[in-house]
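Structure first, then comments.
Every chain is numbered from 1, with letters handed out A, B, ... down the list of sequences.
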2 protein chains.
Amino acid sequence: MHDLIRQAEALCQRSGMAFTAPRRRVLEILAASETPMKAYDLISKAGEGGQATKPPTVYRALDFLCQLGLVHRIEQDATFVACNHAGHSHPMALFVCNTCLKATEVAYDEVAPILEKAAEMQGFHLTRLVVEGRGQCQDCALAA
Amino acid sequence: MHDLIRQAEALCQRSGMAFTAPRRRVLEILAASETPMKAYDLISKAGEGGQATKPPTVYRALDFLCQLGLVHRIEQDATFVACNHAGHSHPMALFVCNTCLKATEVAYDEVAPILEKAAEMQGFHLTRLVVEGRGQCQDCALAA
DNA sequence: GTAGGTAGTGTTATGTAATAACATACTAGG
DNA sequence: CCTAGTATGTTATTACATAACACTACCTAC
């Protein structure tokens, strides 16, 4: 979990971007969370202790972290989750458990080319692909 | 386009559901639109002419139509689009053109099993799958 | 060193998306 | 009838996201 912060620092330094206080704060909170978080939970959490934190501050940090691939936005429910496989942004699907709400990352390297091909057959050229799922994770299946 | 309305009527009758005025109105507007629409555009459009239409009315209609597979919600940007392949809700991806904003539906029957398998390998059991893309459609590629 | 550009943050205000909660109407079965 | 089920109407509010502008820090070219 502190790994992620160090990775972020390294990544920023390499690409000449600033790993500023609000960006660090947002990433720390997300990294510490078991489950994906909603933006406004993040905002109020970020405001605890220190000075009040307003929406644009957090949204800007989130945009930055998403671009670097350190954080993913889950479109289905507008939540954000820290990425384990940080840095190298290869295509991955996010599957969210309906019970415990934890997100599981699954690589879909095999699938991406197929979808790209299917799109090209209709003349459509893909630049971004979102693959998300819902269901039940292993732990919750065993617990049931 | 009126096909879609007739299909909806038939589908509702078969399953004993009511194809009521607001549901029809929302589907008509979506069917007439070239591109996916945002909810509040729908709301104001639905309110033109007749009596004012409030958000819950439209959202309820959208929920209904989505469940029947007559309409799809595009999670990336919270828009709604009428479904050409209505009724039989086989898995399909929605690819949205960044230029003309039109949505193209692409079946991914081949891909779904692969993703399900990849998920199962991590003990995750899928109940819902979202596949969405962004890029450039054929028409816009040719026009460029 | 200082003028000007770039990148980032702080702050106010507002726009946009979605739903809770409750009242009302229609309709089919007993 | 009347009542259970289904759907709509209405008010209000909650949640998600960004526009616009002021300010600071830093860097670099003259």
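Phosphate contact (OP1/OP2 of D/dT8, side-chain N/O of B/Thr20, threshold under 4.0 Å): present. Here A/Lys54 reaches the OP1 or OP2 of C/dT12: one of its side-chain N or O atoms lies under 4.0 Å away.
Rounded to whole angstrom, the span from the CD atom of B/Gln76 across to the P atom of C/dT16 amounts to 20 Å. Taking atom CD on B/Glu75 and atom P on C/dA17, their separation rounds to 14 Å, with Å as the unit. A/Asp41 places its CG atom 12 Å from the C1' atom of D/dC16, with the value rounded to the nearest Å. Rounded to an integer number of Å, the gap from CG of A/Asp63 to P of D/dA19 is 10 Å. The distance from atom CZ of B/Arg73 to atom P of C/dA17 is 10 Å, rounded to the nearest whole Å. As a whole-Å value, the separation of A/Phe19 CZ from C/dT9 C1' is 16 Å. Distance, A/Leu62 CG to C/dT9 C1': 15 Å, rounded to whole Å. A/Arg25 has its CZ atom 16 Å from the C1' atom of C/dG10, to the nearest Å.
Contact between B/Gly133 and A/Leu126 at its shortest, heavy atoms only, is CA-CD2, 3.8 Å. Minimum interatomic distance between B/Phe124 and A/Thr104 (heavy atoms only, all atoms of both residues): CD1-OG1, 4.0 Å. Residues A/Tyr59 and A/Ala39 come closest through the heavy atom pair OH-CB, 3.2 Å.
Picking from D/dA19, D/dT11, D/dC16 the nucleotide with the shortest atom distance to the side chain of B/Pro56 gives D/dT11. The side chain of B/Tyr40 sits closest to C/dA18 out of C/dT11, D/dT8, C/dA18. Of the candidates D/dC16, D/dT10, C/dG10, the closest approach to any side-chain atom of A/Arg60 belongs to C/dG10.
Each of B/Gln51 and A/Pro55 lies near DNA chain D, and the nucleotide nearest B/Gln51 is the one positioned closer to the 5' end. Checking B/Gly16 against A/Asp77, the closest nucleotide of DNA chain D that is more toward the 5' end is the one next to B/Gly16.
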Could you walk me through whether A/Glu75 and B/Arg134 satisfy the salt bridge (charged side-chain N to carboxylate O under 4.0 Å, His left out) test, starting with their C-alpha distance in whole Å, then the side-chain angles of each, then the deciding distance to 0.1 Å, before giving a yes or no? CA-CA 14 Å; A/Glu75 308 286 347; B/Arg134 281 266 169 184; over 6 Å; no

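No donor-acceptor pair closer than 3.5 Å links the side chain of A/Gln122 to the backbone N or O of B/Val106.
Within 4.0 Å of B/Arg23, counting heavy atoms only, lie sugar-phosphate atoms of the nucleic acid but no base atom.
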